[in-house]
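In what follows, chains carry the letters A, B, and so on, assigned in the order in which the sequence lines appear, proteins first and then strands, with residues in each chain numbered from 1.
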Amino acid sequence: MGIRPIALIIAGLAAAGTAWAQDSDEMNIEGLEIVTETEAPEHLENLRTIYSGWRFRTDETQSLQLDDFENPAFVFIDQALDAFDEAGANGNACSTCHENGPEEFAGFTAAMPKVMDGKLTTTEDFLNGHRAETQGEEPWKWSSQDMQQMVALIGLQSRGMPVDVAIDGEAAPYWELGKEMYYTRYGQLELSCANCHEDNYGMMIRADHLSQGQTNGFPTYRLKQAKLISRHNRFRGCIRDTRAETFAEGSDEFRALELYVASRANGLSVETPAVRQ
Amino acid sequence: MELTRRKMLAIGSGTLAIAALPGLPAFASATDDAIAAFTGGADLVEGGVTINAPEIAENGNTVPIDVSAPGAVSIALFAAGNPVPNVATFTFGPLAASQSAATRIRLAGTQDVIAVAQMADGSFAKASANVKVTIGGCGG
Amino acid sequence: MASGVKPRVKVPKTAAAGEAITIKTLISHTMESGQRKDSDGNPIPRSIINRFVAAFDGETVIDVALEPAISTNPYFEFQATVPASGEFTFTWYDDDGDVYEAAQSISVT
């Protein structure tokens with residue numbers, strides 16, 4: 001008698017765990033198969049299976065991502081397409097060099113961030129680099145709509161492709177730093193990324209259904225802000241919610257964290273631009 | 001009497017309950033007034049109009065809603081718990097294939113969303129749906 | 001907000017005469033409700049799209065009066081009957097007097 005209730009509680013928890021973790025909907029965007037569940041990459045010691053954040057959302061939020069017209073992010077993709085052809089200060093547009101359009105960037109985002117010229121480089125860094133060097137333009141602010149809609153347009157070209165960021169070689173030291181950050185408890189609440197997104201995904205935090213915190217759908221159209229949200233903006237929000245002083249968007253720390261978090265999604269499809277709550 | 005924390009809470013919540021009461025009819029009447037402005041005070045019948053809304057909205061900023069009232073001239077949408085109850089009025093022209101429409105609306109909290117349809121014969125029909133708006137854990 | 005407003009519309013390219021077709025529209029607009037305050041506590045004035053009209057060759061399909069409770073980037077979905085080949089026009093009216101337009105032709109087979 002003394003043992004049974006405990007066994008029941010454990011059985012109950014296990015059942016609740018599987019029922020709550022995520023639903024089993026398959027994702028197909030206008031004929032394009034999206035992998036939302038797959039075996040965790042080998043470097044992940046504590047997870048067997050990785051899931052897209054889409055799997056943790058309500059049917060109504062999920063459906064917004066299944067049709068490129070229903071998805072409000074596409075009005076910003078359209079604006080980025082216009083910007084792709086706009087000449088910068090010295091007369092060069094993106095399309096001046098990239099004559100075949102954004103399609104030239106197929107596969108690019110699936111491997112980002114990566115080390116370029118000896119430095120860990122995000123898509124934002126890549127875009128601002130080109131704006132300065134070939135367009136003679138001022139850099140875009142990290143989370144500005146101009147920036148994030150272009151990051152989303154570039155990301156869209158990899159939609160459906162598996163995330164495949166390099167974690168070895170030149171990337172290794174950045175990846176190690178990112179991993180250390182992921183498991184570091186920040187703030188007055190002393191929470192690490194892992195406390196929510198590895199130990200408790202599928203559970204509720206107040207009324208939010210915790211996902212694994214995957215970034216394969218970023219920049220993502222967030223219903224709360226009704227605009228495209230950058231990876232670093234989401235990192236900042238999470239760390240701020242632990243009641244910590246956060247790192248800045250575009251800081252070396254967030255670049256490293258971006259690489260590590262991206263590597264946790266190796267094998268899931270790029271979903272950019274996703275729709276989340 | 002010794003004022004303990006528990007007693008203070010009891011006093012506090014009692015006052016709150018009394019203070020909250022006058023607030024309820026005020027909300028209801030703002031919506032009733034808005035509906036009356038649309039109907040001209042005509043009686044509302046149930047049936048003839050349908051409203052689809054999520055039972056639980058993950059974010060109150062973007063809640064998908066659709067309304068349908070076959071044969072209606074127009075459909076007005078109200079949110080009873082918003083600071084301003086009016087949401088939108090759809091007026092159907094001769095080339096509307098159905099008297100239905102879908103949109104996305106803002107809800108300030110858990111509340112009833114009400115659709116009132118003006119039918120071709122001048123009568124008015126009403127339907128409502130309760131939407132629970134969740135408060136997220138990670139407001140960022 | 002006259003800058004950065006961009007409409008999107010989705011209309012099938014072809015239809016049968018008298019067929020009911022589904023039309024979807026979205027426009028980028030902040031739909032500032034007038035209920036918010038800025039960081040200094042001053043109210044941010046209302047600035048919304050207050051009317052949307054869809055018509056086919058001048059005849060109305062739907063005419064919508066929008067209030068501030070319509071979400072940012074207003075979205076509408078509705079059905080139209082197409083009597084013959086022609087052009088759909090979509091018009092959004094901004095509080096600030098600006099008018100945004102889009103058009104899409106359809107051929108009846």
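A:Q225 CD to B:N59 CG: the interatomic distance, rounded to the nearest 0.5 Å, is 8.5 Å.
Proximity to chain A (any heavy atom under 4.5 Å) is restricted, for B:P64, to the side chain, taken from C-beta onward.
For B:D43, the CG atom counts as loosely surrounded, since its 6.0 Å shell holds 12 or fewer non-hydrogen atoms of other residues, nucleotides or ligands. In this structure, A:E245 places its CD atom where only 12 or fewer heavy-atom neighbours from other residues, nucleotides or ligands lie under 6.0 Å away.
Side-chain atoms of A:L64 and B:R104, non-hydrogen and from C-beta on, do get closer than 4.5 Å to each other. At a threshold of 4.5 Å between non-hydrogen side-chain atoms, the residues B:E58 and A:E60 do not count as touching.
Scanning all heavy atoms of the two residues, the minimum distance from B:N61 to A:L223 falls at CB-O, 3.4 Å.
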